[in-house]
Amino acid sequence: MDEENETFFSDFTLTGLFTNNKASGFLFNIICAIFFMAMIANGVMIFLIHMDPHLHTPMYFLLSHLSLIDMMYISTIVPKMLVDYLMDKRTISFVACTAQYFLYMGLVGAEFFLLGLMAYDRYVAICNPLRYSALMSPRVCWIILASSWFGGTLDSFLLTPITMSLPFCASRKINHFFCEAPTMLRLACGDKAAYEMVMYLCCVVMLLIPFSVVLASYTRVLITVHQMKSAEGKKKAFATCSSHMMVVMLFYGAALYTYMLPQSYHTPIKDKVFSAFYTILTPLLNPLIYSLRNRDVTGAFRRVLARCRGPCGGTVGEF
């Protein structure tokens, strides 16, 4: 029994992204730069939305929490990977792997739901503008936010005990750069059919339902925008919605490959590339896409910058 417990709780080995000695230093610098840029860009977005009264609207309230989630979940993966490279260490304890798995699944699940509900916000703003203040009241925004966190937390509480209670009696070598769900399942031994079914059902709820909300919302949005007579209104609607659609397609596309595509289509290299895309690159792309393509954000940046030339100050809106 003691030997079994020791095997069950023994350390894992992460192969990581830095496998090629010639390119590992260059790749380390790139990922390090992406991490710090993502933290700064998302932090600036939160700061601008908090400081500028023009951004105290439901859309930016939700966007500020999207930035917060991005900062949190990139921090559950990248710092460990960078420190391991500097210390020439590849091991991760069973407890640390479980904690990373739990935090990652909860945060990424919350982002899946939040992106889907943000599409509903754009649908209401464009298709029902006269009822926008009622349909997207502060109370509704907090319900949307609470629902996203609840969905992500529920997913994490369901999948973490199921996955991490499996017997890892074969190799303890994780061919990945973090403890991701499909990779951990492949590493386990024994009958995994029931566990794979539960994971598949959770992924259907976590991915396909929010993605269906996005598709339904933006189908109605595109129809409404096409019927607009004002060229300026069309331009503004397309600018806002295209930004959101870019984020959604990048994030959901990579996640659908990881969690929904049959295992026969997966290879370790593909898994690492797609996972790196939506866990490392997307937190940087989100604030850049929303800020560079959005006049409200760039205008807020100029106003806050001008205000901070003197004593910094600002008022906090209703959110």
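Side-chain atoms of Leu62 and Leu117, non-hydrogen and from C-beta on, never get closer than 4.5 Å to each other. Side-chain atoms of Arg186 and Asp271, non-hydrogen and from C-beta on, do get closer than 4.5 Å to each other. Side-chain contact between Trp149 and Leu107 is present, with heavy atoms from C-beta onward closer than 4.5 Å. With contacts defined as side-chain heavy-atom distances shorter than 4.5 Å, the pair Phe177/Lys80 does not qualify. Counting heavy atoms from C-beta outward, Thr279 and Tyr73 have side chains that approach closer than 4.5 Å. Looking at Phe102 and Met164, their side chains never come closer than 4.5 Å, going by heavy atoms from C-beta outward. Residues Ile92 and Cys179 have side chains in contact (heavy-atom distance under 4.5 Å, counting atoms from C-beta outward). Residues Phe35 and Leu284 are not in side-chain contact: their nearest non-hydrogen atoms beyond the backbone lie 4.5 Å or more apart.
Applying the salt bridge (Lys or Arg N to Asp or Glu O under 4.0 Å) definition to pairs two or more places apart or across chains, none involves residues 208-224. Sorted by first and then second residue, the disulfide (SG to SG under 2.5 Å) pairs with a member in residues 37-95 form an empty list; sequence neighbours excluded.
Classification of Arg303 and Asp52 as a salt-bridged pair holds, one side-chain N sitting under 4.0 Å from a carboxylate O.
Here the shortest heavy-atom pairing between Ser64 and Ile46 reads O-CG1, 3.6 Å.
Not counting sequence neighbours, the partners of Phe178 by the ring-ring contact (aromatic ring centres under 6.0 Å, His included) test are Tyr104, His176. Partners of Thr153 by side-chain contact (heavy atoms from CB on, under 4.5 Å), not counting sequence neighbours, listed by chain and number: Phe157.
Of the N and O atoms on the side chains of Thr76 and Gln100, not one donor lies less than 3.5 Å from an acceptor on the other residue. Using a 3.5 Å distance cut-off with no hydrogens or angles, the side chains of Asp11 and Ser93 do not pair a donor with an acceptor.
Atoms CD1 and CE, from Ile40 and Met37 in turn, are 8.0 Å apart once rounded to the nearest 0.5 Å. The line from CZ of Phe12 to OG1 of Thr183 is 12.0 Å long, rounded to the nearest 0.5 Å. Rounding to the nearest 0.5 angstrom, the gap separating the CG atom in Leu158 from the CE atom in Met105 is 10.0 Å. Expressed to the nearest 0.5 Å, how far OH of Tyr60 lies from CG of Leu66 amounts to 13.0 Å.
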Pairs under 3.5 angstrom only: tabulate donor-acceptor contacts from the side chains of residues 124-135 to other protein residues two or more places apart or in another chain.
from: Tyr132; atom 1: OH; to: Asp121; atom 2: OD1; distance (Å): 2.6

Please tabulate, for side-chain N and O atoms in residues 202-210, each donor-acceptor pair with protein atoms closer than 3.5 Å (sequence neighbours left out).
none

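Taking the centre of each ring, Phe61 and His65 come in below the 6.0 Å mark. Taking the six-membered ring for Trp, Tyr252 and Phe112 have ring centres closer than 6.0 Å. Phe150 has its ring centre no less than 6.0 Å from the ring centre of Phe113.
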Please evaluate residues Leu114 and Ser147 with respect to the criterion side chain to side chain contact (heavy atoms under 4.5 Å, CB included), reporting the C-alpha separation (whole Å), side-chain torsions for both, the decisive distance (0.1 Å), and the verdict.
CA-CA 8 Å; Leu114 184 58; Ser147 301; over 6 Å; no

Check step by step if side chain to side chain contact (heavy atoms under 4.5 Å, CB included) holds for Asn286 and Glu111.
CA-CA 12 Å; Asn286 281 352; Glu111 180 151 342; 3.3 Å; yes

Using side chain to side chain contact (heavy atoms under 4.5 Å, CB included), reason through Asn42 and Met71 one step at a time and then give a plain yes or no.
CA-CA 7 Å; Asn42 282 290; Met71 292 176 72; 3.4 Å; yes

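Test Ile77, Asp70, Val78 against Pro283 for side-chain contact (heavy atoms from CB on, under 4.5 Å) and you get one pass: Asp70.
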